[in-house]
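Since the model is a prediction, treat every value here as computed from it, not as a measurement.
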Amino acid sequence: MGEQAFRAHQVMKWIHQQGVTDFDQMTNLSKLLRARLKELAKVELPEVVQELDSADGTRKWLIRMIGGSCIETVFIPVEGRGTLCVSSQIGCSLDCSFCATGKQGFNRDLTTAEIVAQLWLALKSFGSFEPKATRAVTNVVLMGMGEPLLNFDNVVDAVNLMMDDHAYGLSKRRVTLSTSGVVPELDRLARFTDVSLAISLHAPNDALRDQLVPLNKKYPIARLLESTRNYLKQLPDNHRRATIEYTLIEGINDQPEHARELAILLSDVPCKINLIPFNPFAGVGYQKVSEVNLRRFQKILLEAGYTVTVRTTRGDDIAAACGQLAGAVNDRTRRSERYQALSGSIS
Ligand code: SAH
Ligand code: SF4
């Protein structure tokens with residue numbers, strides 16, 4: 001608009017730090033500039049259709065996007081931290097065999113605004129924009145609906161805004177992108193952002209991973225881990241580790257030999273391991289890992305020297321746990337051209 005750069009920072013602070021969506025209230029801008037902004041732009045929020053609170057403090061929002069489909073966003077409080085689990089697409093095209101989102105099919109990518117709006121709406125809902133309020137959300141994970149790397153440009157812009165000091169100012173260690181392994185996009189990610197990374201591995205060998213994550217047939221484990229190592233190497237702070245996510249499914253990938261194979265596989269990947277007990281949903285043939293198998297699996301990895309955390313199941317009374325997010329997806333058949341190209345070679 002030919003304005004000085006600091007004007008953009010002023011507008012960003014109004015919207016993302018103070019929660020103001022009306023240009024008229026942006027009082028440090030001239031009346032003329034406010035009028036021009038009103039002519040050219042609007043700050044529009046998607047509609048919150050439902051807000052649900054779990055007995056354990058988890059909160060879930062069902063949010064309707066333009067076009068009518070809904071996505072879900074989940075807030076999970078854990079001792080002094082508040083993690084917001086954000087969606088990147090309406091549905092998901094990758095059809096992992098254990099994931100409710102995948103079973104819903106794919107509708108469309110979310111825009112940058114729709115991704116950032118999830119954080120804005122959560123902060124608003126907790127009163128975090130009020131003067132002197134503490135920020136309810138300290139961490140963001142892109143682990144909601146969708147595969148973030150298949151919506152590359154919008155996701156990169158959104159996470160960069162979340163980490164920008166003129167906007168939400170979240171630490172780059174506290175914003176995490178989770179991917180099932182879209183290797184070509186992961187290969188170029190470091191050129192655009194230094195967000196933290198989580199890899200959805202779930203299996204220690206290709207034969208098993210092919211069954212759980214169909215994308216593995218196109219980008220097998222060795223390529224995925226190589227790409228992960230390269231991403232970490234390119235980060236400005238070279239001590240960052242990736243999180244390896246491993247969803248434990250009873251009798252499928254939870255045996256001691258899987259843990260031992262995983263320990264060898266990850267030996268040259270700077271990482272910590274997050275074990276996720278599988279969360280069942282209607283119509284899925286898998287079962288949750290038993291406590292005995294979970295602890296046995298964890299022990300083998302701990303003894304091999306890994307940092308291993310177990311993700312406790314949160315919010316399952318409101319279907320907000322990992323893999324239970326399904327939203328309400330219209331028009332499942334309209335897949336992106338990019339994915340049509342991809343799925344052609346997977347199946
Ligand atoms: N598409 C991205 C991010 C969303 S899924 C990805 O796959 O990484 C976020 C995490 O939840 C992933 O690790 C995914 O594998 C896991 N997940 C999916 N369904 C699950 C289920 N039913 N139980 C437990 N974890 C699940
Ligand atoms: Fe998509 Fe991730 Fe679910 Fe796989 S696990 S279907 S990539 S959302």
Donor-acceptor pair, distance only, cut-off 3.5 Å: does the side chain of [X] make one with the backbone of [Y]?
{"X": "Asp22", "Y": "Asp24", "answer": "yes"}
{"X": "Gln17", "Y": "Ala167", "answer": "yes"}
{"X": "Arg209", "Y": "Ala203", "answer": "no"}
{"X": "Thr176", "Y": "Leu197", "answer": "no"}
{"X": "Thr138", "Y": "Gly82", "answer": "yes"}
{"X": "Asn253", "Y": "Ile249", "answer": "yes"}
{"X": "His16", "Y": "Lys13", "answer": "no"}
{"X": "Ser267", "Y": "Ile264", "answer": "yes"}
{"X": "Gln104", "Y": "Ala100", "answer": "no"}

Please determine which of Ile63, Val116, Leu84, Thr73 meets the side-chain contact (heavy atoms from CB on, under 4.5 Å) test together with Leu121.
->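 Filter result, single survivor: Ile63.
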
Please report the interatomic distance [atom1]([X]) to [atom2]([Y]), rounded to the nearest 0.5 Å.
{"X": "Leu275", "Y": "His202", "atom1": "CG", "atom2": "NE2", "answer": "11.5 Å"}
{"X": "Leu150", "Y": "Ser88", "atom1": "CG", "atom2": "OG", "answer": "8.5 Å"}
{"X": "Tyr231", "Y": "Ile199", "atom1": "OH", "atom2": "CD1", "answer": "10.0 Å"}
{"X": "Arg223", "Y": "Glu226", "atom1": "CZ", "atom2": "CD", "answer": "8.0 Å"}
{"X": "Ser200", "Y": "Glu147", "atom1": "OG", "atom2": "CD", "answer": "7.5 Å"}
{"X": "Leu149", "Y": "Ser180", "atom1": "CG", "atom2": "OG", "answer": "8.0 Å"}

Would you say [Y] ends up clustered with [X] if hydrophobic residues are merged whenever their side chains have heavy atoms under 4.5 Å apart, either directly or through other cluster members?
{"X": "Ile273", "Y": "Ile300", "value": "no"}
{"X": "Val292", "Y": "Val308", "value": "no"}
{"X": "Leu208", "Y": "Leu262", "value": "yes"}
{"X": "Leu29", "Y": "Met1", "value": "yes"}
{"X": "Phe6", "Y": "Phe23", "value": "no"}

Does one side chain, of [X] or [Y], offer a donor that lies under 3.5 Å from an acceptor on the other?
{"X": "Gln89", "Y": "Asn151", "value": "no"}
{"X": "Ser69", "Y": "Arg64", "value": "no"}
{"X": "Ser97", "Y": "Tyr286", "value": "yes"}
{"X": "Arg59", "Y": "Ser54", "value": "no"}
{"X": "Thr111", "Y": "Asn154", "value": "no"}

Do [X] and [Y] have side chains that approach each other closer than 4.5 Å (heavy atoms only, starting at C-beta)?
{"X": "Val49", "Y": "Cys70", "answer": "yes"}
{"X": "Leu201", "Y": "Leu266", "answer": "yes"}
{"X": "Trp61", "Y": "Leu52", "answer": "no"}
{"X": "Arg174", "Y": "Arg81", "answer": "yes"}
{"X": "Pro204", "Y": "Tyr246", "answer": "yes"}
{"X": "Val86", "Y": "Ile115", "answer": "yes"}
{"X": "Asp164", "Y": "His166", "answer": "yes"}
{"X": "Ile244", "Y": "Asn274", "answer": "no"}

When you look at [atom1] of [X], are more than 12 heavy atoms from neighbouring residues, nucleotides or ligands closer to it than 6.0 Å?
{"X": "Gln4", "atom1": "CD", "value": "no"}
{"X": "Leu45", "atom1": "CG", "value": "yes"}
{"X": "Gln287", "atom1": "CD", "value": "no"}

Between [X] and [Y], which heavy-atom pair has the shortest distance, and what is it?
{"X": "Ser227", "Y": "Leu186", "answer": "OG-CG, 3.3 Å"}
{"X": "His258", "Y": "Ile252", "answer": "CE1-O, 3.3 Å"}
{"X": "Thr112", "Y": "Ala158", "answer": "CG2-N, 3.7 Å"}
{"X": "Val43", "Y": "Thr21", "answer": "CB-O, 3.6 Å"}
{"X": "Ala136", "Y": "Ser128", "answer": "N-OG, 3.1 Å"}
{"X": "Arg7", "Y": "Leu33", "answer": "CD-CD2, 3.8 Å"}

Ion pair [X]/[Y], N-O distance below 4.0 Å:
{"X": "Lys103", "Y": "Asp95", "result": "yes"}
{"X": "Asp194", "Y": "Lys172", "result": "yes"}
{"X": "Lys60", "Y": "Glu51", "result": "no"}
{"X": "Asp206", "Y": "Lys217", "result": "no"}
{"X": "Arg108", "Y": "Glu114", "result": "yes"}

Think Arg188 forms a cation-pi with Phe152, using NZ or CZ under 6.0 Å from the six-ring centre and within 45 degrees of its axis?
->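 Yes, a cation-pi geometry holds between Arg188 and Phe152.
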
Verify side-chain contact (heavy atoms from CB on, under 4.5 Å) between Gln18 and Gln25, making sure each step is shown before the conclusion.
-> CA-CA 11 Å; Gln18 314 219 40; Gln25 287 176 34; over 6 Å; no

Sorted by first residue and then second, give each salt bridge (Lys or Arg N to Asp or Glu O under 4.0 Å) pair with at least one member in residues 242-255; sequence neighbours left out.
->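 Applying salt bridge (Lys or Arg N to Asp or Glu O under 4.0 Å) to every pair that reaches into residues 242-255, excluding sequence neighbours, yields Glu245-Arg311.
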
Could you pull out all residues at least two apart from Lys272 that satisfy side-chain contact (heavy atoms from CB on, under 4.5 Å)?
->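 Result, side-chain contact (heavy atoms from CB on, under 4.5 Å) vs Lys272: Arg241, Thr243, Thr307.
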
Measure centre to centre between the rings of Trp120 and Tyr168, then say whether the value is under 6.0 Å.
->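 Centroid distance Trp120-Tyr168: not below 6.0 Å, so no.
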
Output, in order, the C-alpha distance, side-chain angles, deciding distance and verdict of side-chain contact (heavy atoms from CB on, under 4.5 Å) for Leu170 and Val140.
-> CA-CA 8 Å; Leu170 292 172; Val140 169; 3.5 Å; yes

Please lay out, stage by stage, how Gln211 and Asn216 fare under the test side-chain contact (heavy atoms from CB on, under 4.5 Å).
-> CA-CA 9 Å; Gln211 290 171 34; Asn216 195 66; over 6 Å; no

After noting the C-alpha distance and the side-chain angles of Val48 and Leu62, does the key distance pass the side-chain contact (heavy atoms from CB on, under 4.5 Å) rule?
-> CA-CA 6 Å; Val48 177; Leu62 186 67; over 6 Å; no

